[in-house]
Asker: 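The structure's right below; bear with me while I get my questions together.
So that the names make sense, note that chain A is the first sequence line, chain B the second, and so on, each numbered from 1. Please read all numbers here as calculations on a predicted model, not as lab measurements.
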Amino acid sequence: MTLPDTLIEKTFSPADFEQRWYAHWEAVNAFRPERPDAKPYTIIIPPPNVTGSLHLGHALDNTLQDILIRYHRLLGRDARWVVGTDHAGIATQMVVERQLAESTQATTRQAMGRTAFLETVWDWKRTSGGAITQQLRRLGASCDWSNERFTMDEGFNKAVTKVFVTLFEQKLLYRDKRLVNWDPKLKTAISDLEVEFREVDGNLWHFRYPMEDGSGFIAIATTRPETILGDGAVAVNPDDPKMAHFVGKRCRLPLVDRLIPIITDSYVEADFGTGAVKITAAHDFNDFEVYKRHPEANIPVINLMNDDATMSDACPPEYRGLTREEARKKVIADFDALGLLDKVEPHRHQVPYGDRSGVIIEPYLTDQWYVNAAELAKPALEVVKSGATQFVPKTWEKTYYNWMENIQPWCVSRQLWWGHQIPAWYDEGGKCYVAETEEAAQAQAGSAAVLTRDEDVLDTWFSSALWPFATLGWPEKTDELARHYPGDVLVTGFDIIFFWVARMVMQGLHFMDDVPPFKTVYCHGLVRDAKGAKMSKSKGNTVDPLTLVDKYGADALRFTLTAMESQGRDIKLDEKRVEGYRNFATKLWNAARFCQSNGIGASTTVEPPKAENAVNRWIIGEVATTARALETAMATYRFDAYADAIYGFAWNRFCDWYLELTKPLLAEGADPVVAAETRAVSGWALDQILVMLHPVMPFLTEELWHKLGARSRDLIVSEWVRTDAIPADPAASADIEWLIGLVSEVRSARTELNVPPGAKLGYSVEGAGAATTARLSANAAAIERLARIVPATTTATGGKLQLVHADATYALPLEGVVDLAAEKARLEKAIATASKERDALAGRLASPGFTEKAKPEAVEKARDDHAARSAEAERLGAALARLG
RNA sequence: GGGCGCGUAGCUCAGCGGUAGAGCACUCGCUUCACACGCGAGGGGUCGCAGGUUCAAACCCUGCCGCGCCCA
């Protein structure tokens with residue numbers, strides 16, 4: 001044992017040391033010590049947006065990753081947490097555009113031009129981007145910052161280009177004209193996943209279209225009257241008798257005066273609306289499908305809108321330039337004027353909104369680049385089905401399968417400037433050449449061709465799908481790649497399975513020789529407010545994790561999130577919990593301070609010191625039991641179990657019992673040999689607590705580690721508990737459990753009878769066997785201190801308190817103090833409890849079904865329990881009888 | 001409409017086949033020489049409802065009721 005280094009201050013104040021330790025760890029490269037011979041352990045961070053700022057979801061996600069990394073680092077693995085940020089195409093472009101608009105020049109990207117704008121974005125990235133990486137440091141995240149990556153850095157660009165070209169050459173990536181989700185505010189295609197459906201109170205308008213043959217009208221119903229201008233057909237259900245007479249005829253589309261066919265398609269629901277549906281192939285996903293199913297009908301596909309969702313030149317002149325909303329009003333009014341508006345029915349329905357712009361998304365017909373996701377999904381499904389990649393909790397596999405099995409072509413082009421520009425060039429005739437460089441494209445096209453590069457960039461997820469291998473140097477065959485691919489686990493929110501997990505698995509398998517990017521996917525839940533509501537800026541119920549860090553310390557926040565993380569369930573975060581775990585940190589701080597003031601300091605061995613005394617042997621065994629529980633918790637990703645086990649051990653075992661039981665052993669006049677042993681064991685046990693708690697509370701534990709003595713290494717790069725060096729010690733365990741039981745019984749009885757807490761009572765004992773007698777004498781000092789009883793010098797007469805523990809009955813004379821009636825009532829209650837359980841067990845044992853069919857262990861346990869309860873009831877009965 | 005999940009102490013949640021647990025909150029007592037962000041002792045649950053399987057069910061099965069999420 002080495003002597004204390006610095007005195008531990010009386011008050012625990014995390015702000016005093018958290019940032020100091022972080023800076024130290026980073027400076028000495030503690031996050032990734034050189035361990036060339038160790039087995040690698042790799043986590044690839046889900047890269048936060050470069051525009052992002054830390055919210056509680058990040059705090060949870062990164063706390064869990066940090067626990068895994070710190071734990072495996074303590075186990076001696078070559079732990080590496082690959083870190084970096086995502087360029088976040090739309091988000092970043094929006095941030096910079098907003099700044100431009102608000103700046104003194106009040107300019108736009110269009111006014112600046114592409115090159116100048118991109119320079120501005122890079123400037124922004126250099127000065128303001130990545131604030132979140134500083135916030136992750138506040139949280140204690142032990143990432144490998146020395147190899148921080150960005151999805152737009154040079155190597156990554158190379159990877160993205162290579163993947164694009166390769167997929168194109170393999171015919172898994174192609175250009176196509178299809179409907180996309182068009183965001184008319186941002187003027188770009190967006191992914192299905194970036195579309196948010198909202199229930200909206202709208203209307204169902206019923207209109208009449210006159211029949212070509214003058215035989216009357218066909219009525220249709222629509223929620224989007226403005227799209228009537230682009231109708232190409234009317235469809236009815238083939239089995240609908242009331243519509244049969246229309247089929248095959250044509251009707252005249254009012255306002256545009258165009259003849260359109262009436263066709264049948266089973267997609268039409270006969271009893272919804274009027275039973276007839278207008279088909280606008282260019283502005284509705286379902287209608288587009290109908291159009292494709294009916295080539296014979298020659299349905300025209302008319303793109304009614306410009307890219308800002310104003311009405312285009314394809315509309316009659318009086319509608320051109322109107323917004324969607326204005327056009328809708330005018331169409332309704334014009335139909336009404338013609339007497340063709342039948343009725344307006346209130347109708348609640350789902351409307352698509354862009355989750356970033358907040359405007360209504362328009363299904364829009366454009367040329368875009370698509371990845372054949374269905375093809376890439378096949379092996380990605382297989383790898384989960386075979387177990388090569390496992391989801392924890394397993395239930396998310398179904399969600400993954402469901403999405404993968406119904407996957408649509410993935411639109412990967414975006415009409416943005418910030419991102420990876422698509423490596424495709426067009427000649428004057430519009431012919432497309434895809435190549436890794438412009439020179440290569442030129443070579444394909446011939447030197448005479450004048451090439452123009454595709455203006456669009458790739459979906460951010462296209463590049464982040466490559467994160468697990470492009471961060472490690474791919475397409476170069478680096479040592480890093482060989483060593484750290486695949487990662488051990490991906491930790492992420494379940495809401496991101498589609499965005500991330502699915503796409504990383506697809507690309508990882510395709511480009512890394514069928515090896516999936518990680519062995520395990522741990523999906524956690526969402527962090528909600530104390531009432532269970534989703535946190536959102538608009539609701540104003542967001543909690544800034546850094547505010548909690550300032551108030552309670554990063555360790556307390558981390559512990560809270562860990563304790564509440566049980567396998568993917570959502571977390572309702574109540575600040576009271578953070579406060580509670582701050583109290584736990586304070587408790588441990590004070591325990592360490594107590595140890596220090598008693599000459600207990602840093603241990604010198606990883607193995608436990610030699611111990612003779614039962615309480616010391618007991619705590620060594622308890623450390624091992626706890627460490628094993630923690631190992632199991634980590635192996636099964638039970639973060640809540642990890643937190644519970646270390647909390648319970650540190651507080652309820654070590655502080656409440658061990659430190660209290662050993663106080664007499666350290667007191668003045670105690671046996672110096674025993675005292676020395678106790679100091680050694682205390683120091684060792686406290687060190688093990690620091691080691692075991694370190695993954696969750698890294699700052700506090702590192703601080704105490706150094707306060708307790710001079711160390712040859714920092715705790716972060718120390719060593720996990722050597723459970724293999726600790727044999728089971730059932731004798732010590734039995735001794736101390738007996739002692740704890742006795743003290744608890746006495747305390748309980750004293751309180752019930754209102755014995756003054758300070759009063760020290762004499763006791764006499766009956767029925768004690770040799771073991772109990774030995775235990776009573778070996779632990780006399782502890783019993784006196786904790787139960788406040790000492791062996792009686794005289795025999796009790798009159799009123800007494802009696803209690804039964806193990807094989808003995810203890811009597812505490814309480815002449816004049818005890819209320820005889822109260823003591824009788826207490827004993828009667830105890831007898832009732834014991835008898836009730838005795839009888840219940842007897843009943844079970846009497847049932848032939850139980851003794852014949854139950855597992856032998858269960859029967860044996862019932863017999864033992866029955867005997868114990870029976871004896872207890874008997875002794876309590878005798879005690880009651882003695883009271884008279 | 002399809003799928004997933006949840007209903008256990010006042011609150012938040014563990015437990016998922018052998019006598020109901022934790023933290024917080026609550027009650028009572030305590031200036032016990034580490035800690036009142038503390039110490040000690042307590043009260044509190046027909047484990048959503050109804051059936052079934054089993055010697056035994058909070059735990060497995062079926063149905064119902066209530067709540068949430070995802071997809072269409």
Side-chain angles (χ1 to χ4, degrees), chain A residues 8 10-12 192-193 197 285-286 350 393 395-399 401-403 406 494-495 497-498 525-526 528 530-534 552-553 556 559-560 563-598 600 638 640-641 643-645 647-648 651-652 655-656 659-660 663 667 743-758 760 785-788 833 836-841 843-855 857-862 865-866 869:
Chain A
I8 298 172
K10 191 158 165 60
T11 48
F12 162 62
D192 292 353
L193 300 170
F197 284 88
F285 287 97
N286 288 317
Q350 302 271 338
T395 168
W396 292 111
E397 287 178 5
K398 286 183 203 135
T399 305
Y401 293 150
N402 196 271
W403 193 70
N406 296 297
F494 65 77
D495 53 327
I497 291 174
F498 307 139
L526 267 37
R528 298 170 175 278
K531 292 184 209 113
K534 208 166 167 174
Y552 302 105
F559 202 98
T560 307
M564 302 194 71
E565 174 55 30
S566 64
Q567 300 249 314
R569 197 170 169 136
D570 283 355
I571 290 175
K572 289 181 198 165
L573 188 79
D574 188 340
E575 196 174 321
K576 296 287 281 181
R577 295 294 296 259
V578 187
E579 188 187 326
Y581 291 121
R582 187 273 323 266
N583 294 351
F584 172 61
T586 307
K587 179 76 182 178
L588 191 65
W589 180 269
N590 282 309
R593 199 160 63 85
F594 167 78
C595 286
Q596 189 179 61
S597 69
N598 278 278
I600 293 160
R638 288 308 304 256
D640 56 342
D644 278 356
Y647 182 100
W651 198 320
N652 305 122
C655 290
D656 287 352
L659 291 184
E660 296 303 330
K663 276 176 181 172
V743 170
S744 302
E745 291 278 0
V746 175
R747 283 171 167 174
S748 183
R750 290 174 63 114
T751 303
E752 266 184 81
L753 293 182
N754 292 316
V755 176
K760 198 169 278 184
R785 187 186 163 82
L786 300 182
R788 301 196 78 76
T833 306
K836 196 179 152 201
E837 285 178 21
R838 175 200 61 201
D839 296 345
L841 286 160
R844 191 137 47 113
L845 287 162
S847 146
F850 178 67
T851 43
E852 283 159 22
K853 295 185 188 170
K855 285 177 290 186
E857 310 91 89
V859 179
E860 197 186 338
K861 185 173 185 306
D865 289 351
H866 178 261
R869 285 314 197 169

Asker: Please give the nucleotide sitting opposite B:A25 as a Watson-Crick or G-U wobble pair, both distances under 3.5 Å, or none.
Answerer: none
Asker: How is A:Thr399 classified with respect to the nucleic acid when contacts are heavy atoms under 4.0 Å: base, sugar-phosphate, or nothing?
Answerer: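 Touches nothing.
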Asker: Nearest-Å distance, CZ (A:Phe494) to P (B:G68)?
Answerer: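 Roughly 15 Å, once rounded to whole Å.
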Asker: Decide yes or no, distance alone: a donor-acceptor N/O pair under 3.5 angstrom between the base of B:C24 and the side-chain of A:Arg577.
Answerer: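 Under the 3.5 Å cut-off, the side chain and the base do not form any donor-acceptor pair.
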Asker: Looking at A:Lys861 and A:Asp865, is there a salt bridge between them, counting it only when a charged N and a carboxylate O are closer than 4.0 Å?
Answerer: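 Salt bridge present between A:Asp865 and A:Lys861.
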Asker: Any side-chain N or O of A:Lys587 below 4.0 angstrom from OP1/OP2 of B:G38?
Answerer: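 False: A:Lys587 side-chain N/O out of range (4.0 Å or more) of B:G38 OP1/OP2.
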Asker: Have a look at A:Arg638 and say if it touches a base, only the backbone sugar-phosphate, or nothing, with a 4.0 Å heavy-atom cut-off.
Answerer: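 Sugar-phosphate contact only - A:Arg638 comes under 4.0 Å of backbone atoms but never of a base.
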Asker: For the residue pair A:Tyr647 and A:Tyr581, does the interplanar ring angle fall in the parallel (under 30°), tilted (30 to 60°) or perpendicular (over 60°) class?
Answerer: perpendicular
Asker: Under 3.5 Å for both donor-acceptor distances, Watson-Crick or wobble: does B:U31 have a partner, and if so which one?
Answerer: none
Asker: Report which part of the nucleic acid A:Lys855 touches: base, sugar-phosphate, or nothing (heavy-atom distance under 4.0 Å, all strands).
Answerer: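 Base contact.
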Asker: Between A:Asp640 and A:Arg638, is there a salt bridge with N-O shorter than 4.0 Å?
Answerer: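 Yes, A:Arg638 and A:Asp640 are salt-bridged.
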Asker: When you check the phosphate oxygens OP1 and OP2 of B:C28, does a side-chain N or O of A:Thr751 lie under 4.0 Å from one of them?
Answerer: no
Asker: Mind checking who B:G68 pairs with, Watson-Crick or G-U wobble, both distances under 3.5 Å?
Answerer: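 The answer is B:C4, by the H-bond criterion.
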Asker: Quick one: label A:Lys853 by what it contacts on the DNA or RNA (base, sugar-phosphate, nothing), any heavy atom closer than 4.0 Å.
Answerer: base
Asker: Does A:Lys663 place a side-chain N or O at less than 4.0 Å from the phosphate oxygens OP1/OP2 of B:A34?
Answerer: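 It does, given that an N or O in the side chain of A:Lys663 lies less than 4.0 Å from OP1 or OP2 of B:A34.
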Asker: Has A:Arg582 got its NZ or CZ under 6.0 Å from the middle of the six-membered ring of A:Tyr552, at an angle within 45 degrees of the ring axis?
Answerer: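 No, A:Arg582 and A:Tyr552 do not form such a contact.
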Asker: With both distances kept under 3.5 Å, what pairs with B:G51, Watson-Crick or G-U wobble?
Answerer: B:C61
Asker: Looking for any heavy atom pair under 4.0 Å, which part of the strands does A:Thr395 touch: base, sugar-phosphate only, or nothing?
Answerer: sugar-phosphate
Asker: Using both distances under 3.5 Å as the test, list the Watson-Crick or G-U wobble partner of B:A20, or none.
Answerer: none
Asker: Regarding A:Cys595, tell me which of base, sugar-phosphate or nothing describes its non-hydrogen contacts under 4.0 Å with the strands shown.
Answerer: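 The answer is nothing, as A:Cys595 stays clear of every strand by at least 4.0 Å.
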Asker: Which part of the nucleic acid, if any, lies within contact of A:Arg593, taking any heavy atom under 4.0 Å across all strands shown: a base, the sugar-phosphate backbone alone, or nothing?
Answerer: sugar-phosphate
